[in-house]
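Read the structure below first, then the notes.
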Amino acid sequence: MAANGTLLQHSGNVVSSFRFTPGIGVSPGQYQVLLDYNVSAKAYVATIGTNDTANVPPAGEVSVAPRTLTPNAVFVQTRSSSGSASDRPFHLVIAN
């Protein structure tokens, strides 16, 4: 996913994705990825990365968790290397 929330490459199971708009209670770098099946009991792996062959992605950190009350979605938070909430591109794998 691009830093702005746009899907770059994805499996057919991905329904949609978006970046939450920063504001009260919402930090930069917060995303939701919605799938067409229940992923609440699956394993999630995320890394900072992009499929843009002309750029190396910025350094940073990423974490992923089940989306509260939405069993077919995950919540992703990206941060800069210093730990500040920051928009970053990332790769996400959900394993059965």
Side-chain angles (χ1 to χ4, degrees):
M1 179 177 303
N4 67 3
T6 302
L7 286 170
L8 298 174
Q9 285 181 290
H10 60 88
S11 75
N13 296 103
V14 176
V15 174
S16 65
S17 68
F18 67 89
R19 179 179 52 91
F20 291 93
T21 303
I24 297 172
V26 179
S27 301
Q30 294 183 341
Y31 304 86
Q32 174 178 289
V33 179
L34 186 69
L35 295 103
D36 64 2
Y37 65 102
N38 185 329
V39 296
S40 61
K42 306 298 183 189
Y44 318 114
V45 178
T47 60
I48 298 295
T50 182
N51 66 349
D52 182 350
T53 59
N55 292 302
V56 173
E61 303 168 5
V62 61
S63 56
V64 60
R67 184 81 168 104
T68 303
L69 302 176
T70 310
N72 61 325
V74 294
F75 174 81
V76 179
Q77 172 71 63
T78 59
R79 299 182 181 278
S80 67
S81 291
S82 65
S84 300
S86 181
D87 296 336
R88 295 286 191 259
F90 61 91
H91 301 289
L92 173 67
V93 175
I94 299 174
N96 292 322

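Of the possible polar contacts, one joining the T78 side chain to the S86 backbone as a donor-acceptor pair under 3.5 Å is found. Between the side chain of Y31 and the backbone N or O of N4 there is no donor-acceptor pair closer than 3.5 Å.
Nearest heavy-atom pair across P71 and N38 is O-OD1, 3.2 Å. Across all their heavy atoms, R88 and P58 have their closest contact at CD-CG, 3.4 Å. Looking at every heavy atom in both residues, P57 comes nearest to T50 through CD-CG2, 4.0 Å. Between G29 and D87, the closest heavy-atom pair is N-OD1, 2.6 Å.
Note on residues 37-66: no pairs pass ring pair (Phe, Tyr, Trp, His ring centres under 6.0 Å), not counting sequence neighbours. Legend: side-chain hydrogen bond (donor to acceptor under 3.5 Å, both in side chains) pairs involving residues 66-75, not counting sequence neighbours, sorted by first then second residue: Q32-R67.
Tracing side-chain contacts under 4.5 Å through hydrophobic residues (I, L, V, M, F, W, Y), one never reaches V45 starting from L34; they form parts of separate clusters.
A 4.5 Å side-chain heavy-atom check between I48 and E61 finds every atom pair outside the cut-off.
A side-chain N or O of S82 and one of S80 form a donor-acceptor pair less than 3.5 Å apart.
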Result block: side-chain N/O donor-acceptor pairs under 3.5 angstrom for residues 12-23, not counting sequence neighbours:
unit_1 : atom_1 : unit_2 : atom_2 : d
N13    : ND2    : D36    : OD1    : 3.0
S17    : OG     : G5     : O      : 3.0

